[in-house]
Amino acid sequence: MTQAAKLSVIRAAGETDVGKVRTNNEDSMIVDPIRGLYVVLDGMGGANAGDVASQTARDAIRQYVLEHRTKHEPKALLESAIQHACQVVWSSAQATRERHGMGTTCVGCLVVDASHAIVAHVGDSRAYLLRGGRLLALTRDHTIVEELVERGLLAAEEAERHPYKNVLSRNLGSKPETKVDVVEVEIKPGDRLMLCSDGLYGYASAEAIQYLLGSGDEPQHVARDLIDLALRGGGGDNVTAIVLEAPAPAPTSTQVVRTSGAVAWWQRRTRFAQVAEERGLLRNPICRGLAREEALDLIAQSLCQAVFHDLEKSTGVNVWTFAQHLAGGWFERDGAWQPLRDLVDVLAISARVVVDEIRAADARLGFLMDIAVSRALVVAELAIGGLLSERLGHVDALLIQVHSAMQETIDASMTVIDEVDTADQFIEQQTVPFMRSTRAPTLDGEVSEALTKALTVARGRTSPRAELVKQILVALEAIANDDTGTNTAAVAAARDIYGVRPVDDTGVMPLFDALDQARVISTAAVHQITASDAVRASVLHALSSALQRLTGASTALLMEAVRPFSERLRDALQTTSELRDDVAAAERKRAGLESKFASTIDQSQPWDKRGTTEW
Amino acid sequence: MATPTSSTVPNVARSYDALRPKILQRLVETRASLDASLARLDEQAARGQLDAVLERIGNFIATGDLGLHRAFLHTFLAMRAAEAQHSGAVLAMLVAIGDTAADVAQEQATPDSAELTIMLTRVTASTARAVNDLIAEELERRSELLGELRTKEQKALDPA
């Protein structure tokens, strides 16, 4: 087989678009299946120099690979080609005044054979690999902020909000040479590689990109769909995407689901709606005001259709969209959570009934459909979860806003507005989200006895030097048996265990390490006692709940201990600010005096004859 | 919703325990695609976090106790929230872990692998459902708190 023939088994296509905001396209690309060369370049620089930079680099890379492909190993060839392009763009920029400062990013892929490729990049154009439905990033952006994160000088959370997050640390053209990052990639059957400019990932979510890449459509359709996705997301930049696909392995379960599975599902769409109706779909408050046919069509049939299309294309985008519309519409009407949960459950049960019927007719297909349909329903939960999280974030922002406004009122009047806020100790307040205690399970005699046995075994297994772990195991028993419905036992135990620890790593870390060790030892001990599975499960539940309450109380104590430091830090900042103002005032005074002094000195006189009494 | 209550649970639980190292290895290798926070961890730290989740999945398969699983998810959400992680991202990470586990199970051509694959897929569905319930409860609680604060604020501004 010739080299060209080996490479031709990789299918590829590229698309580029100017976007909705820009007037010219500064992106360029190479799609050369004969040589296995694929490159995306994103130019930058004023006076139309961006497109010159990316096109100059594109031509230089193509020419270099053409002339040197027999002289270098693939890895060296791609790296040298990009270095050569950097030199060419830089020279061009130096030669023309208007082009000073122009440059371009570059991400390139050189396919060596059907199972190997080289990926190289400079700047923030990216390469991704889709394998087994998962999207993996093959490149890391060369931005100043990303490099600071890599060196540990900036936290990842800060990086996302950093004003200079898009400032490149490397490109082709601003210097005569640059550092090129190169990786070798093993290609497996069915893999998809994608090269893109920031106009794609800047305007489309990673999930949506993943779904489109995994859709199973032809590379040219996927590339076009990706461009459309970025345009729908705003299209604020030029956008370019190249999609490469390694041939899929022969007959897969995915293909069975996409063909026979999708058909079997579609044939049972009436049955699906019938089961949904029997399970009470029409009684759900979300369907209130809809006629029977309308409700079945809008909800049951729409989901059925969405699952069918997703099965057919091995994607999840249709179910995702359905769930987003359903939940989004309900939330917009200020709908409560429970009806939505009930409705989704009815649909899930109906799907399960249909899958069971498919399984009864064809066990192998039923097995594959069970997995595929379950996954489709998880996609629906993911879409709903995304909406819930957004709403949670929105409520949090409002809470902070209202709380700040109230705090300002309190500070201004110096009077106590809310006796609850001051009467409650910090320890009783809920501070860490999700950390409130779940209702403690009530323990019957058998479970309580088993719990005691398990904790005795656990204490016996604890190292004699691990006093703190033993103390926690004792506390867990008291907390688990605390049936007052309050957190009193947990708070008291946390206070005992926390003691007089300093608020630093040496004080706090051993406590949390011991909590974790206690969790591991006590869970293992439950499996060593003689008890029924049901009792053992209840003991595990009680232990988990007790440990959670103890961890919550310890965390609250820690935050209470940290509070004076925060206040002192705030005072110190205030003092520093005042001192800075004093220094500035003194500086101004000194400058005034110097100026006055200088004007009263007769510079023409010898030093000892100069008058100094005037000032 | 489906929870692991099959009569063959002990067999499936054993198969899962046997497969756990392979699943963990796959998760460690692909952690960058699971979650951004896992991508930044070194291998040992990521291994520890992922193994803790796999252990809880194993407990759920073995006991079928949704309450216990929910308690774990509650704590897991709390810990990730304390690290300023978006609850939607936590849900996505848990689903990705479950999907990967099911993929690894499906790749094994053993007599038990089919049942284990289905079990893991259903565990993932139960996990996603429980996480959404927890987020919704938290949302309701904070919305109530917001209402109370607004009432207090209104009273403070207009004592009459």
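By convention in this document, chain letters (A, B, ...) are assigned in the order of the sequence lines, proteins followed by strands, and residues within each chain are numbered from 1.
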Trainee: Counting only heavy atoms closer than 4.5 Å, note whether B:Arg56 contacts chain A via side chain, backbone, both or neither.
Mentor: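 The answer is the side chain of B:Arg56.
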Trainee: Consider side chain to side chain donor-acceptor pair (under 3.5 Å). Of B:Gln49, B:Glu43, B:Gln44, which one does B:Arg47 pass it with?
Mentor: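 Looking at B:Gln49, B:Glu43, B:Gln44, the match for B:Arg47 under the side chain to side chain donor-acceptor pair (under 3.5 Å) is B:Glu43.
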Trainee: Quick check for you: among B:Leu68, B:Thr30, B:Asn59, which has the greatest number of heavy-atom pairs under 4.5 Å with chain A?
Mentor: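 Among the listed options, the one with the most contacts to chain A is B:Leu68.
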Trainee: B:Leu34, B:Asp99, B:Leu91: which one forms the most heavy-atom pairs within less than 4.5 Å of chain A?
Mentor: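 Max contact count across the listed options: B:Asp99.
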Trainee: So that I can tick it off, tell me whether A:Asp516 and A:Arg519 are bridged by a salt bridge, with the cut-off set at under 4.0 angstrom between side-chain N and carboxylate O.
Mentor: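 Yes, charged N to carboxylate O under 4.0 Å.
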Trainee: Side chain, backbone, both or neither: which part of B:Glu140 has a heavy atom under 4.5 Å from chain A?
Mentor: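 Interface part for B:Glu140: neither.
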Trainee: For each of B:Gly88, B:Ala114, B:Gly67, tally heavy-atom pairs with chain A at distances under 4.5 Å, and name the one with the top tally.
Mentor: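 The residue among B:Gly88, B:Ala114, B:Gly67 with the greatest pair count is B:Ala114.
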Trainee: Look at B:Asn132, B:Asp103, B:Thr121 and state which one has the largest set of heavy-atom pairs under 4.5 Å with chain A.
Mentor: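 Of the options given, most contacts go to B:Asn132.
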Trainee: Under 4.5 Å heavy-atom distance to chain A, tell me which part of B:Ala89 shows up: side chain, backbone, both or neither.
Mentor: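 For B:Ala89, neither part sits under 4.5 Å from chain A.
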Trainee: Between B:Glu148 and B:Lys152, does at least one N-O distance fall below 4.0 Å, as a salt bridge requires?
Mentor: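 The answer is no: the pair does not qualify as a salt bridge.
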Trainee: Between B:Arg70 and B:Asp65, is the closest basic N to carboxylate O distance under 4.0 Å?
Mentor: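 No, no charged N to carboxylate O under 4.0 Å.
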Trainee: So which part of B:Thr100 gets closer than 4.5 Å to some heavy atom of chain A, the side chain, the backbone, both or neither?
Mentor: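 Contact with chain A: backbone and side chain both.
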Trainee: Contact part of B:Ala32 toward chain A, heavy-atom cut-off under 4.5 Å: side chain, backbone, both or neither?
Mentor: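 For B:Ala32, no heavy atom lies under 4.5 Å from chain A.
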Trainee: Do B:Asp133 and A:Trp337 have side-chain N/O donor and acceptor atoms under 3.5 Å apart?
Mentor: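 Yes.
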Trainee: Is it the backbone or the side chain of B:Leu145 that comes under 4.5 Å from a heavy atom of chain A, or both, or neither?
Mentor: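 The answer is both parts of B:Leu145.
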Trainee: Quick check for you: among A:Leu136, A:Ile384, A:Val149, A:Ile371, which has the greatest number of heavy-atom pairs under 4.5 Å with chain B?
Mentor: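 Looking at each of A:Leu136, A:Ile384, A:Val149, A:Ile371 in turn, A:Ile371 comes out on top.
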Trainee: Side chain, backbone, both or neither: which part of A:Leu368 has a heavy atom under 4.5 Å from chain B?
Mentor: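 Contact with chain B is through the side chain of A:Leu368 alone.
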Trainee: With the threshold set at 4.0 Å, does a side-chain nitrogen-carboxylate oxygen contact exist between B:Glu144 and B:Arg141?
Mentor: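 Result for this pair is no, no salt bridge flagged.
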Trainee: Please state whether the side chain, the backbone, both or neither of A:Leu399 comes within less than 4.5 Å of a heavy atom of chain B.
Mentor: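 For A:Leu399, the contact with chain B is made by backbone and side chain together.
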Trainee: Check whether NZ of the Lys or CZ of the Arg A:Arg359 lies under 6.0 Å from the centre of the six-membered ring of A:Phe367 and within 45 degrees of that ring's axis.
Mentor: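 No, A:Arg359 does not sit over the ring of A:Phe367.
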Trainee: Apply side-chain contact (heavy atoms from CB on, under 4.5 Å) to residues A:Gln548 and A:Thr551 and explain how you reach the verdict.
Mentor: CA-CA 5 Å; A:Gln548 188 194 344; A:Thr551 309; 5.7 Å; no
Trainee: Would you call A:Asp370 and B:Arg122 a salt bridge, using N to O less than 4.0 angstrom?
Mentor: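 A salt bridge links A:Asp370 with B:Arg122.
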Trainee: Below 4.5 Å from any heavy atom of chain B, which atoms of A:Ala137 appear? Answer side chain, backbone, both or neither.
Mentor: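 Neither part.
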